[in-house]
Amino acid sequence: MSGMAEIAPAAPETPLQRFVRDFTSNRLAVGALVVVLLIALAAIFAPWITPQNPYDLAQLDIMDGRLPPGASSAAGMTYWLGTDDQGRDMLSGIIYGLRISLIVGIGSALIAGVVGSTLGLVAAYAGGRVETAIMRLVDLQLSFPAILVALMILAFLGKGIGNVMIALVLVEWARYARTARGAALVERRREYIEAAECLALPRWRVLFRHLLPNCLPPLIVIGTIQIARAITLEATLSFLGLGVPITEPSLGLLIANGYQYMLSGQYWISFYPGLALLLTIMAINLVGDQLRDVLNPRQQR
Amino acid sequence: MTAWLLRRLVQAAFVVLAMTVILFIGLHVIGNPIDILISPEADQADRARAIAALGLDQPLWRQYALFLWGMLHGDLGRSFVFHEPALQLIGERLPATLELAVSAVLLAIVIGIPLGLYAGLYPNSLLGRSAMAGSILGFSLPTFWVGLMLIMLFAVRLGWLPSTGRGQTALLFGIRWSFLTRDGLAHLAMPAFNLALGNIALVLRLVRSGVRETLPLDYVRFARAKGLRPARVVGVHVMKNIMIPVVTVLGLEFGGTIAFSVVTESIFAWPGMGKLIIDSINVLDRPVIVAYLMIIVLMFVAINLVVDLLYTFLDPRVRLEDRG
């Protein structure tokens, strides 16, 4: 990074090129990004790449229940990661589970991001009572741990993918709001906002076309970390039996299903879904860390 | 000081009041209170009597007043499952949870501070580097899965520690505790460690960055120049300054540790109030759910207040006037 200023580039670099070069300066982060992309692709194309459809009962054979990793079925199929108590191929189950985990995690992080960022921007731009009210709510929300708030919401709403997402959004929005407000407070004193206001542009236009794009970098960083947090929280809630229903099992529920068999030494039913979860979360976190290093202007010298 | 304390107390009271409104809405508007508060086994006459007794035929604002009134008298309804007052039921489970949470915080101190000191003093050493790498794992590992893996390794494979339960307990002040017996301690070890994981990572990082920041300061150099033993410089002069953030963060995290014990207790079948709430949610034992949530909110508000106060006493640089 330090040699950058001394050597004048032959052609002027676009911001995107600069971003790509900064990001790829860390090999670990690039590796993590590749893992994230592979996981996302596997989840998207699950029906085409899994050895079996784990939720098509016609393809399951209960006689194949709880086979260890590497065992073969009577039909000649190899279960690389073993099978669960229903005779379901764990590898297929995990890839389908990733789908649910990613949908819930990314979906809730996006919705919370839109809601929280909007509230944060409005708070910073409006100031006064609106700001006080919103930020008090944020402080209140953040003083309670996420798991407790989610527990409270699910205790009343009951389980289900929609309800889990509602709970995650309500848990997560406050962090976006705080970040967005922090960034917007700095940006709104800049000249371009003054200029936009002098042009008598409508308020929403100043807010979303001028203020928002310049507040995006910290929000993207928070968003990446929040996706990992949402996936972990969803898995934890599903493990407790409060999250997704049995018909749409996420990684957390797969781990919970294997719990009872673990005590008799059949580790693989819990172990491999957990490993997939761990890999996903760590890869996303590493990408997020690198994004923070690249996008945080304070660390650029 | 008094004005600040008063303002803080009023704020806390508002938070608690807001929670009662949220719980009330959760109970009475989202769910059907008749299904929630009256046992499904009740017959028609019982239902009518219960509706009148609970005041469900009254307007909403009166119902809310009744709800508050009952809460002020410590009456949060009776559990459908245990047929005991919900508050009493939770009170019985509270010591087990406190024991677990306190053990976890102690473990975080005993493991986190020495490792953090070492990593701060020798940042390029192998142990220092691996402690830092380990702390990243401590943050991003899904805790419940680590708990399962602990059971698999230490209980199933090696057979060193018992997998679940509280083990043998002994009486102290009329309450049963696990830490007083060998068997109880063996049962406590894994859940406490599992619950402590996040806190260990947190304390380690706090102490490490504290040491890195404090070492080059003038007063530390002066202490060294005076010819004090390195152990005294680090143990007294450096530690004193590091302990402020550590105490504050651990204090704030104590509430989170109690909340997260919900997960740990479910994994290790630890009979505390966290396991009780999960069981209650699964069988829709709503009076217990409401009582638990109310208690934990009170606990949180109290902890936040105490930590705020402690902070101002521990660090004279904090100006009370500046704090909102």
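Numbered from 1 within each chain, the chains take letters A, B, ... in sequence-line order.
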Residue, of A/Leu277, A/Leu240, A/Leu242, A/Ile284, that accumulates the most heavy atom pairs under 4.5 Å with chain B: A/Leu240
Full working for side-chain contact (heavy atoms from CB on, under 4.5 Å) between A/Tyr259 and B/Ile151: CA-CA 10 Å; A/Tyr259 178 47; B/Ile151 293 184; 4.2 Å; yes
Heavy-atom side-chain proximity of B/Val15 to A/Leu140 below 4.5 angstrom: yes
Side chain to side chain, B/Val262 and A/Leu148, heavy atoms closer than 4.5 Å: no
Under 4.5 Å from a heavy atom of chain B, the part of A/Ala235 involved: both
Which atoms of B/Leu141 approach chain A - backbone, side chain, both or neither, heavy atom under 4.5 Å: both
Student check: side-chain heavy atoms of B/Trp145 and A/Pro273 closer than 4.5 Å: no
Point-to-point distance, once rounded to the nearest 0.5 Å, from CG of A/Leu237 to CZ of B/Phe144: 9.5 Å
Pairwise distance CD1(B/Ile278) to CG(A/Leu151) - rounded to 0.5 angstrom: 5.0 Å
Interchain contact, B/Ile267 with chain A, by part (heavy-atom threshold 4.5 Å): both
Atom group of B/Met19 that falls short of 4.5 Å from chain A, counting heavy atoms: side chain
B/Thr143/A/Thr232 under side-chain contact (heavy atoms from CB on, under 4.5 Å): CA gap, chis, key distance, verdict: CA-CA 9 Å; B/Thr143 318; A/Thr232 316; over 6 Å; no
side-chain contact (heavy atoms from CB on, under 4.5 Å) assessment of A/Phe271 paired with B/Leu148: CA-CA 9 Å; A/Phe271 180 75; B/Leu148 293 186; over 6 Å; no
Residue A/Ile255 versus chain B: region with a heavy atom under 4.5 Å: both
Nearest heavy atoms of B/Gly256 and A/Pro145, plus distance in Å: CA-CG, 4.0 Å
